[in-house]
K.L.:
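I am attaching a structure below and will ask some questions about it afterwards.
Within every chain, numbering begins at 1; the chains are lettered A, B, ... in the order of the sequence lines, protein sequences first and strands thereafter.
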Amino acid sequence: MSTEIKPPADEGPSNFIRERIQQDVAQGRRDGRVFTRFPPEPNGYLHIGHAKSICLNFGMAAEFGGRCHLRFDDTNPVTEDVEFVEAIQEDIRWLGFDWGDHKYFASDYFQQLYDYAEALIRAGKAFVDSLTPEEIKAYRGNFYKKGTASPYRERSVEENLDLFRRMRAGEFEEGEHVLRAKIDVEHGNINMRDPPIYRIKKAHHHRTGDAWCVYPMYDYAHCISDALERITHSLCTLEFEDHRPLYDWILAQLDVPGDPEQIEFAKLNLSFTVIGKRKLKQLVELGLVSGWDDPRMPTLAGMRRRGYTPESIRALCERVGVSKRNGMVDVSLLEHAVREHLNATSPRVMGVLQPLKLTLTNWPAGQVEWLDAPYFADDPARGTRPVPLGRELLIEREDFKEQAVKGWFRLSPGAEVRLRHVGIVRCDEVVKDEAGEVIELRCSLDMASRPGQPGAARKVKGTIHWVSAAHALPVEARLYDRLFNVEEPNEAPEGKTFLDNLNPNSLTVVADARVEPSLAGAPTGTRVQFERLAYFCVDRDSTEDRLVVNRTIGMRDSWAKLEAKGG
RNA sequence: UGGGGCGUCGGCAAGUGGUAAGCCAGCGGUUUUUGGUUCCGCCAUUCGUAGGUUCGAAUCCUACCGCCCCAACCA
């Protein structure tokens, strides 16, 4: 039996966290166990930043044969809600991760946490402070000034215990007392200057109801929860780095079952987007987006509705890597991952956003032929769908130019172009209305160039998409663009905020687009490529007689690039 | 005036004393019945700066510079 365990090849680049875990396992630390946890606070929806943490935590656990707990960090009842605990679970599952039986809530530990607090008091390591919040702040000092001890710091164990029990019994009002760890008021690290660990909150908790009126604070609850669950590696973001001494201090005072270690990594920042619950919440509450799942939101719910795939989000997280450098990842990396997966998985279909009538003058009126068009031209074995062809078609207005410019491969008077799956067509006549606007193109189809015909291999520069006017389905196409029009929306000039960086054109609704009939009845979430245009995803707003599709992301467009260059 | 971090290509990011991976972006070309995809090239003589140690440094030492986080009874 070989003892050599080769890690899977698809691990992604090495990073300092994996290395440390590898080392711990190799040295047999904590029996070689690797238990991680993803600890969301149920006060908002999960976003792309959380995805990085989810991938890391669940990924490391899976890689080392351990497990990853889902633990709701619900220690602040005034901001949390069940709506969020449901949504969070749905999003994690959608992303592709499974916590198995290991779903926990910090609130599950309220009694134990309380008991540990009494133990801390008995050990003389915590005291009840009766200063007002303002006074506590003043006594704490700041970066320049060391703190000074609270006058209540030397209360006796008996008095502290009595006061704390009465706090728990509801005898005091919010703000009257607080339980503080007794550490070092002069510590250079402000987190160590006798941090509050319990406060009175007479609020209804979404799980424990009114059973408690004292709630533990993050620094106190998190490390103990980790220890109780015997978490080995507690991965969190950089801003908690200077909380680590407190994390370690608390556990060192207590007789807890586990021995977790906190390791910090840089959170994900994406250009042209704002990540952070507070800001996202603001967008939702101000009605600047339609909700947490607005397809422009960087929330998992929004990205799902937009048509992004979990695979692409995971690929992004893997490519971004894990380090301690606070940086900004280019959205193009995400867009690349999305296109990459969608290209491999989305059936091709034809749809027209801005229709222009095209009449096949040599096609008999009333004659309809159902073409057998492959969903994937590169691999017809993956299936086909019937596409109706008649005399009157609709093409993309953008595919016709009255004055062809150099490099123009599409339609123009007298020019030839291939109609996808049909054959080569020549534009013989341009019909205009009184206003001079082009309203119809009259073209002749070269029958010999149809698929299977001897002339099918004839080359023309361009191929365009189309739909049969008589059969096309009306669809509402929602064209989404970046929510912000600057790389770093948080950087706003004096007096402005990130809201001033919103892109006013982040949503364009095309109410009367057309698609081929094969899309009829497509269920919500169906992803397709409208050939040559973009990837679309069927939205839940669709009704029986009207599809609504969201543009997930456009195709790369080298013509647009060329055109832009030419001025 | 305190504490904690971080500085490798335009953006991420490997590298752990032996002579700068990879990905995205960009550029050029190939293939193509999607101006998509594919494929192939090009893209850091240099690792924040300056010294030093060494046969040899992005990696070690020293100093300096720059950036980020911390002063909620939030997480």
K.L.:
When all nucleic acid strands are considered with a 4.0 Å heavy-atom cut-off, which category describes R348(A): base, sugar-phosphate, or nothing?
P.N.:
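Base contact.
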
K.L.:
Just to be sure I understand the geometry, which residues of residues 262-274 of chain A put a non-hydrogen atom under 4.0 Å away from RNA chain B?
P.N.:
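Hits under 4.0 Å, by residue number: none.
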
K.L.:
What one-letter contact string describes nucleotides 65-75 of chain B from 5' to 3', where B marks a base within less than 4.0 Å of any protein heavy atom, S marks contact via sugar-phosphate atoms alone, and - marks no contact?
P.N.:
---SSBBBBBB

K.L.:
Take atom CZ of R532(A) and atom C1' of U37(B), then tell me their distance rounded to the nearest Å.
P.N.:
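The answer, rounded to whole Å, is 15 Å.
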
K.L.:
Who are the side-chain hydrogen bond (donor to acceptor under 3.5 Å, both in side chains) partners of R37(A), not counting sequence neighbours?
P.N.:
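With sequence neighbours excluded, R37(A) shows a side-chain hydrogen bond (donor to acceptor under 3.5 Å, both in side chains) to H222(A), S234(A), given in chain and number order.
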
K.L.:
NA contact type, R244(A), heavy-atom cut-off 4.0 Å: base, sugar-phosphate, or nothing?
P.N.:
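No contact.
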
K.L.:
Tell me which nucleotide, if any, is Watson-Crick or G-U wobble paired with G66(B) when both distances must be under 3.5 Å.
P.N.:
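G66(B) is paired with C6(B).
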
K.L.:
Using the C1' atom on both, measure U62(B) against U54(B) and round to a whole Å.
P.N.:
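So the two C1' atoms sit 16 Å from each other.
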
K.L.:
Over all strands shown, is K461(A) touching base, sugar-phosphate only, or nothing at heavy-atom distances under 4.0 angstrom?
P.N.:
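K461(A): no heavy atom of the nucleic acid under 4.0 Å.
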
K.L.:
When you match A457(A) and V322(A) each to their closest nucleotide on RNA chain B, which lands nearer the 5' end?
P.N.:
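The residue closer to the strand's 5' end, by nearest nucleotide, is V322(A).
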
K.L.:
Sugar-phosphate means primed atoms, P, OP1 and OP2; the rest is base. With that split, encode nucleotides 17-29 of chain B 5' to 3' as B, S or - using protein heavy atoms under 4.0 Å.
P.N.:
------SSSSSS-

K.L.:
Once you measure the plane-to-plane angle for Y114(A) and F164(A), does it fall in the parallel (<30°), tilted (30-60°) or perpendicular (>60°) bin?
P.N.:
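Plane angle under 30°, so parallel.
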
K.L.:
Report the base-pairing partner of C74(B) (Watson-Crick or G-U wobble, both distances below 3.5 angstrom), or none.
P.N.:
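C74(B) is paired with nothing.
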
K.L.:
Considering every strand and a 4.0 Å limit on heavy-atom distances, what is the contact class for A337(A): base, sugar-phosphate, or nothing?
P.N.:
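The residue A337(A) makes no contact with any strand.
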
K.L.:
Who are the ring pair (Phe, Tyr, Trp, His ring centres under 6.0 Å) partners of W249(A), not counting sequence neighbours?
P.N.:
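W249(A) satisfies ring pair (Phe, Tyr, Trp, His ring centres under 6.0 Å) with no residue once adjacent residues are dropped.
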
K.L.:
Run V417(A) and T463(A) through side chain to side chain contact (heavy atoms under 4.5 Å, CB included) and show every step you take.
P.N.:
CA-CA 6 Å; V417(A) 86; T463(A) 297; over 6 Å; no

K.L.:
Could you tell me the separation between the CD atom of E398(A) and the P atom of G35(B), rounded to a whole number of Å?
P.N.:
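In whole Å, G35(B) P and E398(A) CD are 13 Å from each other.
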
K.L.:
What is the nucleic acid contact for E335(A), judged by heavy atoms within less than 4.0 Å: base, sugar-phosphate only, or nothing?
P.N.:
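The answer is nothing, as E335(A) stays clear of every strand by at least 4.0 Å.
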
K.L.:
Between G3(B) and C64(B), how far apart are the two P atoms, rounded to whole Å?
P.N.:
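It comes out at 14 Å once rounded to the nearest Å.
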
K.L.:
Kindly write out the residues that satisfy ring pair (Phe, Tyr, Trp, His ring centres under 6.0 Å) with F530(A), not counting sequence neighbours, or none if the list is empty.
P.N.:
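Counting only residues at least two positions away or on another chain, F530(A) forms a ring pair (Phe, Tyr, Trp, His ring centres under 6.0 Å) with F536(A).
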
